[in-house]
Amino acid sequence: MNGIVFDIRRYAVHDGPGIRTTVFLKGCPLRCFWCHNPESQTPSIGFINKRRTLDGSEEWLATPVGREMTTDEVMKEIVRDRLYYEESKGGVTFSGGEPLMQHRFLLELLQLCHEEGIHTAVDTSGYANPEVFTRIAEATDLLLFDIKTIDEQCHYETTGQSNQIILNNLSSLDVPNMELIIRIPLIPGINDGINSLTDTIQFLKTIRQPVRRVDFLPFHRLGQHKYEALGLSPSPKLPDPHSIANTPEALALFSAAGFRVKEGG
Amino acid sequence: MITTRVNKLRSQSLNAINTISAERALLVTRFHQSDEAREVSAPVRRGRCLMYLLNNKAICINPGELIVGERGPAPKATSTYPEVTLHSLDDLDVLHNRAKVSFKSDETVREAYRDFIIPFWQGKTHRDKMMANMTSEWRAAYDAGIFTEFQEQRAPGHTVLGKKMWNKGMLDILIDIEHSRFKLDFYNDPLAYEKQEELAGMELAAKALIRYSERHAEELEKLAQIENDEKRKEEIKHLAEICRRVPAHKPETLQEALQHYWFIHLGVITELNPWDSFNPGRLDQHLLPFYQQDMESGRLTKEEARELLHCFWIKFNNHPAPPKIGVTALESNTYTDFSLINLGGVKEDGSDAVNEMTYLLLEVIQEMRLLQPSSMVQVSKKNPDRVIHKTLDIIRTGFGQPSIFNTDAIVQELMRQGKTPEDARNGGASGCVESGAFGTEAYILTGYFNLTKILELTLHNGFDPRTEVQVGILTGDATQFTTFDQLMDAFGKQVHHFVDIKIRGNNVIEKLFAQNLPVPFLSLLIDDCIINGKDYNNGGARYNSSYIQGVGLGSLTDSLTSIKEHVYDRKTISMRGMIHALDNNFKDYEELRKELVFNTPKWGNDDDAADIHAVRIFNLFFNAVDGRPSPRGATYRINMLPTTCHIYFGQVTGATPDGRLSGIPLSEGISPVQGADHCGPTAVLKSAAKIDHIKTGGTLLNQKFTPSFFDDSESYSKLTALIRSYFRMDGHHIQFNVINADTLRDAQKNPEKYRDLIVRVAGYSDYFNDLGEDLQDEIIRRTEHSGC
């Protein structure tokens, strides 16, 4: 089976336990204005202007983003670092974009990884058809589930979609032997306030699946130069470059509520 | 905790100016003018010479010191060795005035050189004799930059102390000499007389060191009488007692052990200037029993032990590498004298050797942050992760030390060469990354070998475009080769040709040292020189190896990949076109060059399209060198390390098919070409492990990380797993440079702000400020593997 992969990164050390290879699948239903990987949003192969320098001279080249790959081709890349996964108790992480947008491709990859004895993680926004979501959750060892905000209006305004599907998927999650880690991107002025954080805590207390840990990913502007390369302009809503998300308070609140917490992924 | 005393000694060492001292050269000259030097065998002459030196050189005792003795009359006053190589007045000027790694000399030094040293030694040095003995084809290859010669300006070295001397004094050694002498068989052994002479030289050398320590004791006793501070007076008296005991007797306490070693160290580096000074080897193993005894008897607290170790560390830093003459300074331009302290690893019986002294010494390394000594940690599969984590604690501070070695690979390498498991396990790595059986092996590095340059010659049918000399053999017009294998055949013939030339030269140089410059003192230390009655420089050691160090694996691999891809497979360009582009340094071939740089598989990305060429070159070089005999009974071996020679070799190598411009540094060690790896460290290590490290005596792999990789305990675990994985694949060595490029750029612009910035160069660390601009640029360029 074929899918569109936009990057494969080895020695990915912030996408789950141990040394991992992260496979980025292209396409995302959300349009988070802070997105660090805007080139991953469209499902088809696109182009990005990339700078290439040689001895001080520079040129800009239209470089394809994404390529069509078979599951076998992806697996060939994944198994390259098997030794490192074994030594570090790592594995492979499927991220995006939203990997569930290519769920058939993803499911086959998850199955192939398990045949190879390789630990898998799926990094998802949770925005997916409930049946698809359940099937993927049942097929992976670890789910990295992103929550932006519980506030539906705010979610709509910042990502372009309602969060109903996302929260329903999380609520109905009940898979034995699968680990769940919640990941919260902390955007200054959007979701790092005490109310927003408390709402998230309340919600997480209602879900059935045990939460192994909550990771906070403080916002940074590093990905923003990519918008220009794509011929887009960064969102005017972006926080001031000097504003810092209220990570210490978030860590303290969640910790007090009984969650294991971590800064960074 | 660093005491006030140590702080003072440390800053004295840091601030001491590197100078040339004429003392040793004058004493050696005077000795050679005397009757003592005439009409005696070489070992006896050298023994007497050492005796004369140690009897007459100034005794230097610095205020507050707990370990005493200096090679020169003061810290960083650096001896010269005119019997090996003679500095001209111009050389002294160059050393005095050069911006980096300078050595100051005053009018008295210049006068001594002008009036006494130069007139006596002109035309009579080892280097003069050596050069006169080299063939014209050796000289042509040397001038073209195909290889360098280690023994041109420094004596054979790469030698490390084993267990023996930590349990013996010079008086015990004298008994060993007597035993050996007793066994001489003048009826049946045609070499009995030579052995008798060698043993006589050894006896003189052992007695010379005892006398030298007594002179320290006498000086200390005098100092004690005039010392007003009561506490220091006691210390000095105690030091005098120690100098009366060691090195004549075996050491009994930690302080005695350190002082004992230090006298031995000074003996080795005063006798001659072996490449890689000298090295105490497995220091945590050797010092542990003394430390434990002192602690048990209540003689010493941990903090007092720490202070002693600090003082010991500072001693190394007071001793810069003796400066070279002429252009060869470019090959290895550093104050570092490569005394590489080994920690960790396995014991003789193969069990985990990490102990409390390992951890204490790691703290000492971190607290001292000195250029010298260098340090490394051996990691065996039997060692705990904790020792790696403690090592990463130091590495993360951007100090460039310690480097990390694979004990299990080293043991396999040494055993492949025929060492017993015990001798192999007592070994480790010295210098940059060189494997050796400590205390039982003479493993001599003979010179760097420019593999990339040989491809350039092959493409020109043996002709060197730079010196415009037909340096190589005629292997055919490369434009007529119809297959890639034809090119590889021609390349292989050229490699064999130059290895032959190099080995022929080595074998002559080896003889010159054996005949004219034996080292009876060093021979006392390395088994089985005394038993064999044979000098270290003449094959007296239990194991003897000679190494040739391959340089430019990455550049050569990428060049061959380019030719295979573009000339033979994709036919982007003809061989004639490629050679024309190279001859014109890619002028008017901009598009081709971009194809070569950006659109061609590269070494270091776990891509077999490139990596198979590295394996092929490695095997070719191995087969050309490994197993060949040398006159002293040694066997030739290869290792893959450049020190800083990849810069010099780059300067003499024209543009290469990987898109590298003429004069740019070659890749270093087995690392990828700077900036060519783009798949992260797991891919680099997998590529690197495709060559068979076990068939070498050491490989060097550099990985630069930004501090972000050392954030928390989880990243430590991941780095540990990275190291363990590489070692599971038999990787020999890995070193981490933790720094970000902006810091380095700032350091380049504002050197005054970064006087203590030490970076890992290639198998060793150096002050960033002391590096040439080209080397600084290279370190900045090396790929930064940033987090995902």
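Being a predicted model, the structure only gives us computed values, none of them experimental. Residue numbers begin at 1 in each chain, while the letters A, B, ... track the order of the sequences. Atoms considered below: every heavy atom in the structure, side chains included; atoms not considered: hydrogens, waters and symmetry mates.
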Largest heavy-atom contact set with chain B, pairs under 4.5 Å, which of A/Gly18, A/Ser88, A/Pro17: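 Result: the option with the highest number of such pairs is A/Gly18.
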[X] versus chain A, the contacting section by heavy-atom distance below 4.5 Å:
{"X": "B/Thr682", "result": "both"}
{"X": "B/Ile723", "result": "neither"}
{"X": "B/Leu685", "result": "both"}

Classify the angle between the aromatic ring planes of B/His733 and B/Phe405 as parallel (below 30°), tilted (30 to 60°) or perpendicular (above 60°).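 Rings of B/His733 and B/Phe405: tilted, as their planes differ by 30° to 60°.
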Mind checking whether B/Phe736 and B/Phe710 have parallel, tilted or perpendicular rings, split at 30° and 60°?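 Perpendicular: the ring planes of B/Phe736 and B/Phe710 meet at over 60°.
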Under 3.5 Å, side chain of A/Arg10 to main-chain N/O of A/Thr21, donor-acceptor pair present?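 It does not hold such a pair.
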Backbone N or O of A/Phe24 within a donor-acceptor pair of the A/Ser95 side chain at under 3.5 Å?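 Looks like no, no N/O pair under 3.5 Å.
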Identify which part of A/Glu77 has an atom lying under 4.5 Å from any heavy atom of chain B, answering side chain, backbone, both or neither.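 Neither part; nothing is under 4.5 Å.
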Lys/Arg N to Asp/Glu carboxylate O, B/Asp608 vs B/Lys690, below 4.0 Å: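 So B/Asp608 pairs with B/Lys690 through a salt bridge.
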